[in-house]
Protein chains: 2
Amino acid sequence: MSSGDRQRVTVTDVARAAGVSTATVTRTLQNPDVVKAATRERVMEAVRRLGYSPNPMARNLRHGSPSGVVGLVTAGFTNIFQAWVAAGAEAELRRNGLQLLIGSTDDDPAREPELARIMIDRRVSALLMMPDGGERDYLRPEYTYGTPVVLVGRPAGGLDVDVVMTTDDQAVDEATDQLLSLGHRRIAALAGRADSFRAAQRLSGYRAALARHAVPERQELVVTGLTRPQEINAAITELMQRPEPPTAVLALNLGISSGVLLDRIVNRRNTAFVALDENDLSAGLGISAITRDPFELGRQAAVLALERITDPTARPRTVTLPSLLVRRGSGELPPPSAAAGGVPGGGAGEVYRADGCGVARD
Amino acid sequence: MSSGDRQRVTVTDVARAAGVSTATVTRTLQNPDVVKAATRERVMEAVRRLGYSPNPMARNLRHGSPSGVVGLVTAGFTNIFQAWVAAGAEAELRRNGLQLLIGSTDDDPAREPELARIMIDRRVSALLMMPDGGERDYLRPEYTYGTPVVLVGRPAGGLDVDVVMTTDDQAVDEATDQLLSLGHRRIAALAGRADSFRAAQRLSGYRAALARHAVPERQELVVTGLTRPQEINAAITELMQRPEPPTAVLALNLGISSGVLLDRIVNRRNTAFVALDENDLSAGLGISAITRDPFELGRQAAVLALERITDPTARPRTVTLPSLLVRRGSGELPPPSAAAGGVPGGGAGEVYRADGCGVARD
DNA sequence: TGCGCGATTGTAATCGTTGACATTGACTGA
DNA sequence: TCAGTCAATGTCAACGATTACAATCGCGCA
């Protein structure tokens with residue numbers, strides 16, 4: 001049959017069918033006002049009948065015009081935080097008639113440049129980069145050929161590009177400070193890839209609070225490099241079985257937060273706990289968490305991209321969104337040794353329902 | 001500065017720099033063996049020095065070759081099930097040197113055709129469609145121009161395309177059957193969008209089991225159209241407050257599964273419960289679930305796409321992957337009225353934490 | 001010495017779309 | 001009536017990469 005033909009209808013076909021030149025077809029589509037109404041009708045009829053749509057590659061080739069597509073590079077499709085960022089960017093771009101396409105590095109820093117290159121080569125109107133890989137040289141202007149680049153949640157590192165950041169360090173500092181004020185002295189901090197900017201940013205908040213309270217950092221309470229669920233589970237189990245287990249736990253990314261939460265439920269622990277980022281259940285279960293509104297993060301990234309598309313000469317900007325500590329109880333628990341004083345803000349009354357912005361799907 | 005130039009390096013530039021013709025540059029890149037070693041060196045050096053990479057649009061324009069990019073249309077980036085499908089497709093495609101790009105309809109069926117069109121126009125090598133929208137006419141061959149299309153988790157509807165399906169109906173039948181055998185007679189079924197194929201497929205399994213056991217279906221126990229978390233929460237609350245509440249609950253998609261799970265934990269319910277699809281916590285909490293291995297689903301879709309790319313004339317195929325009922329305890333609970341008999345089966349080693357339900361922080 | 005062959009490389013047409021420029025024809029006002 | 005104007009449409013080169021075909025070169029062999 002003809003299903004495999006991939007034989008496309010071109011302007012020439014339409015022009016012949018309508019008895020006009022290709023220029024008139026193009027004009028009818030691009031600038032209808034300059035074409036006589038009768039001709040316009042004839043052309044449109046042919047377009048409809050043949051099912052013509054312009055080949056965007058040829059169009060792009062001729063006039064290096066914006067493609068109407070914005071690319072986003074994520075660390076992984078199943079990274080739900082980054083998925084919400086993508087959703088936020090998508091919504092804002094769509095409001096402006098642009099389409100978002102996303103690609104995943106699958107947490108492999110080596111694939112960032114490849115994916116960025118693919119998107120730049122396909123002439124995305126802008127490129128949003130979320131992974132937290134090390135090397136960023138491939139985003140230097142000589143490689144991006146003027147494609148606007150927005151970095152999400154990681155710094156520019158001398159690059160002349162727009163950036164959207166969050167104040168994770170301040171929020172972790174605030175959470176740590178609160179735990180220290182409650183009397184905690186052994187506060188574990190669990191983080192992801194040791195070489196990532198984000199882990200460093202968050203740990204710096206932890207250390208700042210410790211320093212302010214003149215509490216020396218204990219090396220053995222800082223665990224980094226946790227990525228796989230088994231590692232996370234092993235780490236938390238080992239921590240809690242020590243002779244001197246931590247009295248409070250800071251989980252410094254979403255995966256770790258989920259792992260610690262599962263451990264709390266399964267093993268019925270009541271250690272003080274502050275999560276970073278939320279999952280389906282954390283709000284409903286009274287987990288104090290540092291939240292970052294990923295949807296807004298993505299939206300802002302899209303806004304920056306749109307502005308740079310409009311005015312490529314504008315000075316790159318850095319937008320900072322607040323990371324907020326939401327107190328729901330688990331982060332307000334005192335250490336076991338402390339007298340049973342009033343728990344500030346804690347308690348079952350603060351158990352919220354999860355009514356987040358999400359829509360359930362299948 | 002020159003950062004906004006978007007002035008790309010072309011074959012011509014490379015050719016001039018290397019002192020050869022554009023044809024030789026192309027040959028060096030496409031078919032190095034026919035170029036003299038010395039010339040090849042000179043060209044490669046120029047390519048490196050200028051940072052040249054071929055414009056895929058121009059390449060595509062000339063020779064309608066496969067683009068090396070496969071498009072995937074999802075209902076939403078934050079749909080974690082579909083994200084895992086994407087991850088599976090990504091892995092398989094990558095093994096074969098192809099790149100996956102995904103776009104989201106944000107659960108708006110009207111955007112399926114738009115997105116499909118964008119991807120087809122950009123000459124993706126294949127198109128994977130996941131949303132469960134109604135209309136599918138836009139995938140007729142006259143609109144896809146031979147782009148291989150694979151439907152994931154929804155039927156072909158007379159279309160001549162590859163399909164990957166799961167046996168949700170059979171698994172739901174099996175789960176319902178088991179609950180009925182345990183003595184349950186009031187089994188609630190909660191489903192998503194009423195007009196979706198998937199909800200219908202799953203409910204048909206529920207009804208088949210009821211019919212086999214000669215248990216009449218109770219309209220008031222079947223709730224459809226649940227999409228937002230609030231709706232899900234309201235529905236489960238209302239159900240359980242009835243004079244005759246259900247003794248068992250079937251959640252027929254992931255969002256609903258999460259909602260019911262949260263309700264169980266918060267309200268310490270111990271009603272029999274079978275979820276469809278899993279979230280972070282369901283395995284650890286002993287929730288019986290119908291699982292579909294989304295990663296494998298995506299991988300199979302990619303395999304079909306790859307085969308059709310290789311041989312566009314092959315007859316479209318339908319691959320069916322099993323939906324499995326994993327027994328972890330919550331689905332093996334008897335109704336309250338039943339005597340405390342042994343729980344049949346219980347999944348032998350598969351019962352991880354049947355007692356994990358209803359735990360709290362005190 | 002001269003012909004022919006194979007190994008390299010160059011030339012130019014092509015893909016589909018666009019837009020600057022040229023052309024056509026009708027109509028206006030002097 | 002005729003130059004001038006304007007609206008409508010046609011012509012053709014260009015975008016960048018590719019490739020069929022042509023051209024060139026060196027060398028062996030008659």
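Here A:Thr24 contributes atom OG1 and A:Arg40 contributes atom CZ; the two are 12.5 Å apart, rounded to the nearest 0.5 Å.
At whole-Å resolution of the value, CG in B:Asp13 and P in D:dA17 are 9 Å apart. Per the geometry, CG belonging to A:Asn60 stands 13 Å off P belonging to D:dA17, to the nearest Å. What separates CZ of B:Arg16 from P of C:dT11 is a distance of 14 Å, to the nearest Å. The CG-P distance, from B:Asn31 to D:dT19, rounds to 9 Å in whole Å. A:Asp121 places its CG atom 13 Å from the P atom of D:dG16, with the value rounded to the nearest Å. Rounded to an integer number of Å, the gap from A:Met57 CE to D:dA17 P is 14 Å. To the nearest angstrom, P of D:dG16 lies 17 Å from CZ of A:Arg59. Rounded to whole Å, the distance from CG on B:Leu50 to P on D:dG16 is 15 Å.
Using a 4.0 Å cut-off, some side-chain N or O of B:Tyr52 falls inside it from OP1 or OP2 of D:dA17. An OP1 or OP2 oxygen of D:dT18 is reached within less than 4.0 angstrom by a side-chain nitrogen or oxygen of B:Gln30.
Between the side chain of B:Arg62 and the base of C:dT14 there is at least one donor-acceptor pair of N/O atoms closer than 3.5 Å.
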Trace of the side chain to side chain donor-acceptor pair (under 3.5 Å) decision for A:Asp121 with B:Ser53: CA-CA 8 Å; A:Asp121 281 350; B:Ser53 88; 3.1 Å; yes
Please encode protein proximity along nucleotides 4-9 of chain D as a string of B, S and -, counting only heavy-atom distances under 4.0 Å. ----SB
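Between A:Val11 and B:Thr22, the residue whose closest nucleotide on DNA chain C is further toward the 5' end is B:Thr22.
Closest heavy-atom contact between B:Ala18 and B:Arg42: O-NH1, 2.8 Å. Counting all heavy atoms, side chain and backbone alike, A:Glu90 lies closest to B:Phe77 at CG-CE1, 3.5 Å.
Looking at heavy-atom distances under 4.0 Å, A:Thr10 makes contact with sugar-phosphate atoms alone, never a base.
Salt-bridge annotation for A:Glu92 and A:Arg95: present, with a side-chain N of the basic residue lying under 4.0 Å from a carboxylate O of the acidic one.
If you check D:dA17, D:dT11, C:dG10 against the side chain of A:Ala23, the one that comes closest is D:dT11.
Residues B:Thr313 and B:Asp311 bring a donor and an acceptor atom of their side chains to less than 3.5 Å of each other.
Within the 3.5 Å criterion, the main-chain N or O of A:Thr105 finds no donor-acceptor partner in the side chain of A:Asp108.
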